[in-house]
Amino acid sequence: MPSLQLTVLGSGTSMGVPTLGCQCGVCRSADPHDRRTRPSVLLSYGGREVLIDTTPDFRYQAMRHGLGRLDAILYTHGHADHILGLDDIRPFNLKQKGVVPIYASEETIQTLRRTFAYIFDDTPTASSLPGVEIHTLNGPLNLFGTEIVPVPAMHGPTRVMGFRFGKAAYLTDFSAVPESSKAMLRGLDDFVLDALRYTPHPMHSNVAQSLELVRELAPKRAWFTHICHDLGHAETNAKLPENVRLSYDELSFEVKV
Ligand SMILES: [Zn+2]
Ligand SMILES: [Zn+2]
Ligand SMILES: [Zn+2]
């Protein structure tokens with residue numbers, strides 16, 4: 001059975017953990033699981049490397065992981081913690097002598113064009129620019145022989161894309177999942193999903209809400225991500241059901257596709 005390797009490159013919320021200026025127990029923790037860079041996952045299969053989101057920590061994440069190439073980028077949405085590392089794909093453009101295809105919703109593409117105007121405005125420059133080829137996400141796509149299914153959800157008032165690939169799915173930054181999308185998230189082995197903290201948040205699912213969604217969709221395993229400094233790794237895991245764990249940077253597992 002074909003498979004891919006999913007690696008959580010970053011498991012932290014938008015500010016990262018430790019959070020700048022904070023002296024709380026989690027931010028001062030000696031447990032490496034409590035060091036969370038901004039949210040991203042990598043799908044590796046057939047010699048291809050497919051990245052979900054380019055966080056402000058992308059360069060560090062790629063170095064830490066030993067990323068040797070970059071074949072495509074899928075974007076969940078256009079918030080800063082998910083896009084700001086785009087400029088750092090340039091070494092892969094140079095090494096691979098080509099552009100990297102990016103897949104995003106129309107509204108995320110608009111945000112990318114606005115945020116990275118220097119990439120897209122065609123002004124002549126002697127500097128190197130990230131080389132990308134834009135594709136609008138409007139349904140399942142076949143990426144290097146693997147089907148990737150976009151799973152729309154709501155992130156406060158904004159739309160976000162989750163992704164399903166075979167027996168796993170990644171859904172970060174959501175506050176509500178429509179029934180039509182829940183149907184795409186059944187029968188999973190592994191579900192990586194947003195669970196920011198215990199306290200409710202208008203833009204994010206919290207621990208109680210994510211546990212409820214896990215109960216409803218019944219994946220074999222669930223991995224919480226986009227985690228803030230309210231949740232210490234070991235102490236939170238001790239309270240969660242056995243099949244639900246906090247993810248952590250560089251967590252990696254195989255997914256049947
Ligand atoms: Zn985010
Ligand atoms: Zn803290
Ligand atoms: Zn967001």
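Every value quoted in this text rests on a predicted model; they were computed, and no experiment measured them. Just so you know, ligand 1 is whichever comes first in the structure, and atom 1 is the first atom listed for that ligand.
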(message) I'd like to know if the side chain of T225 pairs up with that of T172 as donor and acceptor (distance under 3.5 Å, no hydrogens or angles considered).
(response) no
(request) Verify, without hydrogens or angle tests, whether D88 (side chain) and F58 (backbone) share a donor-acceptor contact under 3.5 angstrom. (result) no
(message) For the Zn ion (ligand 1), give me the closest N/O/S atom belonging to H226, just the atom name.
(response) NE2
(request) Around the Zn ion (ligand 3), list the protein N/O/S atoms within a radius below 2.8 Å, excluding water molecules. (result) H77 NE2, H79 ND1, H155 NE2, D173 OD2
(request) Say whether H82 and D173, considering side chains only, have a donor N or O and an acceptor N or O under 3.5 Å apart. (result) yes
(request) Flag the pair R48 and D71 as a salt bridge only when some basic side-chain nitrogen lies within less than 4.0 angstrom of an acidic carboxylate oxygen. (result) yes
(message) Has T54 got a side-chain atom pairing as donor or acceptor with I83's backbone, closer than 3.5 angstrom?
(response) yes
(message) Going by the rule side-chain contact (heavy atoms from CB on, under 4.5 Å), which residues pair with E212 if we only count those two or more places apart in sequence or in a different chain?
(response) R215
(message) Looking at D57 and R59, is any side-chain nitrogen of the basic one under 4.0 Å from a carboxylate oxygen of the acidic one?
(response) no
(message) For the Zn ion (ligand 2), give me the closest N/O/S atom belonging to H229, just the atom name.
(response) ND1
